[in-house]
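Note sheet for the following structure.
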Number of protein chains: 2
Amino acid sequence: MDMELRHLRYFLAVAEAGHLTRAAARLNIQQPPLSQQIKALENHLGVALFRRHAKGMALTESGELFLEEARRILDSTAVMEQRMARVAQGVRGRLAIAFTTSAAAHLLTPRVLRLFRGRYPEIELSLSENSAAEITERIAARDLHCGFLRVPVGRPPGLVFRTLLKEPVLVAAPLDHRLAQKPRTGKNAAVALKDFQDENLILVRRAGAPGLYANLLALCAERGICPNVVAEVERMMTNLNLVAAGAGISVVPASMQQVHAKTVAYRPLGKSIHLNAPLNLVYRAADETAATGFFVDLVTSTTAGDDGARS
Amino acid sequence: MDMELRHLRYFLAVAEAGHLTRAAARLNIQQPPLSQQIKALENHLGVALFRRHAKGMALTESGELFLEEARRILDSTAVMEQRMARVAQGVRGRLAIAFTTSAAAHLLTPRVLRLFRGRYPEIELSLSENSAAEITERIAARDLHCGFLRVPVGRPPGLVFRTLLKEPVLVAAPLDHRLAQKPRTGKNAAVALKDFQDENLILVRRAGAPGLYANLLALCAERGICPNVVAEVERMMTNLNLVAAGAGISVVPASMQQVHAKTVAYRPLGKSIHLNAPLNLVYRAADETAATGFFVDLVTSTTAGDDGARS
DNA sequence: ATATGCCATATCTTATGGATATGGAGCTCC
DNA sequence: GGAGCTCCATATCCATAAGATATGGCATAT
């Protein structure tokens with residue numbers, strides 16, 4: 001015979017009632033089968049758990065020892081079932097989320113994470129930073145649940161790319177640069193694409209994350225403009241550090257204009273330059289994880305009505 | 001449906017095999033019933049534990065969470081069963097032992113306790129000191145397993161009193177006392193009962209433990225000797241303290257002659273005085289506890305061939 | 001397209017948990 | 001001290017559900 005939880009439940013009932021008949025009533029079964037189950041348990045353990053006397057059943061000393069252990073195990077299974085119930089509801093679990101460096105720079109990202117943590121404290125967030133390509137791949141491979149990234153670098157089937165916002169792209173230039181002299185507002189405020197001709201340009205072109213800068217270079221090529229690429233860096237932050245140091249100019253999503261505000265000037269691009277930095281939420285369309293649904297819903301409702309121009 | 005350990009065992013097998021058919025083989029059942037049991041478990045929990053695909057079954061994220069918990073519970077039941085197996089063998093458990101003050105004074109008591117602890121480290125010894133009457137009663141009431149005492153003060157049915165040894169009783173007198181002047185050996189070494197006439201006598205007559213001193217007084221009365229009882233104390237130790245202080249004389253089991261050796265003289269009683277201090281081990285004849293048996297055996301074998309003359 | 005491996009479903013069998021009926025042992029209460 | 005009561009054990013029967021067998025469907029690999 002294998003021991004089952006039933007035996008423990010029955011044992012506990014008898015131990016607590018001190019009485020076979022009464023325990024049977026409490027368990028909604030009859031007395032004889034209960035008697036048998038208890039005996040089977042004693043047999044299995046090789047120990048007498050009860051002493052039978054005329055007015056009930058009393059635990060033996062071995063029974064007392066067993067009682068502690070049985071209680072522990074039953075408690076532990078009860079806790080487990082409750083936990084799994086919360087898992088079923090989706091309010092407990094793990095959620096793996098990744099973002100690209102530049103997606104993390106947008107205030108939206110930390111904001112929704114904080115909101116989510118508050119609303120679903122039992123969902124453990126596993127956060128990581130990665131390239132757009134790797135994020136996309138790992139979501140498809142079920143290795144991640146959600147990702148935040150800018151320009152998609154591939155669209156594997158089954159993945160949803162939900163554009164949360166599109167923010168303008170700004171030109172970043174050292175304060176003493178020619179382009180930095182442009183007025184903040186007014187007719188000539190915007191930077192034209194031809195202004196890039198022969199300029200020292202810094203690119204963020206981390207492997208697998210061409211995104212925004214590929215688009216920029218494509219636009220330039222289209223119009224016959226040939227900027228002078230002086231550096232290709234991995235991170236948006238390095239990019240702005242180089243700009244601040246006077247190494248060249250670059251373009252960045254508007255949400256980064258707080259960075260190096262004292263040493264870098266940010267200027268809008270001309271209307272005709274269709275270059276913008278979207279923020280996309282990526283997830284598997286068929287993701288059955290409730291937590292993923294909650295997260296997507298939260299992000300969606302947080303950004304609802306937000307056209308992305310702000311922040 | 002109620003969850004049973006079977007479900008956990010089956011789940012674990014499938015999770016570890018990653019394969020329903022292979023897990024079924026390992027469990028010595030067929031694949032379809034296993035399939036059903038797993039499904040029943042998933043149903044019960046309200047969560048999909050596996051993703052089925054063409055080459056096996058892979059844990060879902062909920063399944064991973066459940067795996068940890070299921071392992072924990074199965075481990076814990078395995079540990080429990082092992083522990084109960086040791087309980088069944090008797091090598092694990094609790095043993096409640098009590099002794100009277102004067103029984104504890106005999107070296108045998110600590111010696112067997114030390115031996116027992118060494119041989120059965122998983123049996124927790126619960127030691128206490130008490131009067132002979134209370135020890136007897138509590139053993140009968142299954143409140144204690146064994147007791148060490150001197151002269152039984154009652155013999156409830158079902159209790160075994162095993163006399164481990166009988167040791168002589170010595171007269172204890174202050175060094176400057178008349179009786180202390182008797183030679184240690186030789187013709188006149190022994191103290192006669194008539195020497196007690198009009199002597200200041202100290203008794204240990206703790207409530208419920210008349211034992212030795214009741215016998216002494218009975219002997220005196222029988223022979224028409226009337227000692228002068230100057231004190232009745234509760235403990236053998238107090239007794240000897242008073243003797244050392246010169247308050248009177250007393251009699252004690254021979255095993256106590258190390259106490260106050262510098263200030264108290266110990267002298268043998270005459271052969272004709274049939275007064276001796278036995279050391280008895282008490283236990284219930286019907287005690288089914290293996291540990292009790294082990295203890296009785298150990299004590300018996302330790303005292304085998306020991307006629308009690310030695311201490 | 002075919003074949004193969006794997007899981008799900010359907011049906012049947014069987015083992016066992018549970019119900020019913022009865023017996024025996026120990027108290028209690030006259 | 002005996003009658004009756006309470007409570008647990010035993011014996012037999014029934015019902016449920018675990019398990020076996022047979023088959024079908026789906027996906028991947030060849």
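Note on naming: letters A, B, ... go to the chains in the order of the sequence lines (proteins, then strands), and numbering restarts at 1 for each one. Only a predicted model underlies this, so the values are computations on that prediction, with no experimental measurement involved.
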Please give, in whole Å, the distance from [N] [atom2] to [X] [atom1]?
X       : N      : atom1 : atom2 : value
A/Arg9  : C/dG17 : CZ    : C1'   : 13 Å
A/Leu20 : C/dA25 : CG    : P     : 18 Å
A/His44 : C/dG17 : NE2   : P     : 13 Å
B/Arg51 : C/dA8  : CZ    : P     : 14 Å
B/Leu41 : C/dA8  : CG    : P     : 13 Å
B/Ile38 : C/dC6  : CD1   : C1'   : 15 Å

**Request:** List the steps, then state whether side chain to side chain contact (heavy atoms under 4.5 Å, CB included) holds for B/Leu49 with B/Ile38.
**Result:** CA-CA 8 Å; B/Leu49 298 172; B/Ile38 295 292; 5.5 Å; no
**Request:** Evaluate the side chain to side chain contact (heavy atoms under 4.5 Å, CB included) criterion for residues A/Met3 and B/Met80: first the C-alpha distance (whole Å), next the side-chain angles of each, then the deciding distance (0.1 Å), finally the verdict.
**Result:** CA-CA 11 Å; A/Met3 193 177 68; B/Met80 175 179 83; 3.2 Å; yes
Phosphate OP1/OP2 of [N] contacted by [X] side-chain N/O (<4.0 Å):
X       : N      : value
A/Ser35 : D/dA9  : yes
A/Lys39 : D/dC8  : no
A/Thr21 : D/dC8  : yes
A/Arg52 : C/dA25 : no
B/Arg22 : C/dG5  : no

**Request:** Would you tell me whether A/Glu129 and A/Thr101 have side-chain atoms, one donor and one acceptor, within less than 3.5 Å of each other?
**Result:** yes
**Prompt:** Would A/Asp287 and A/Thr289 count as having a side-chain donor-acceptor pair, cut-off 3.5 Å?
**Reply:**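 Judged by distance alone, the side chains do pair up.
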**Item:** For A/Thr163 against A/Pro278, the heavy-atom pair lying closest together
**Value:** CG2-CB, 4.1 Å
**Message:** side-chain hydrogen bond (donor to acceptor under 3.5 Å, both in side chains), that's the test. Do A/Arg92 and A/Tyr120 meet it? Break it down for me.
**Reply:** CA-CA 8 Å; A/Arg92 181 171 171 261; A/Tyr120 303 99; over 6 Å; no
**Request:** Sugar-phosphate means primed atoms, P, OP1 and OP2; the rest is base. With that split, encode nucleotides 14-28 of chain D 5' to 3' as B, S or - using protein heavy atoms under 4.0 Å.
**Result:** ----SBBBB-----S
**Asked** How are the rings of B/Phe295 and B/Phe148 set to each other: parallel, tilted or perpendicular (split at 30° and 60°)?
**Response** perpendicular
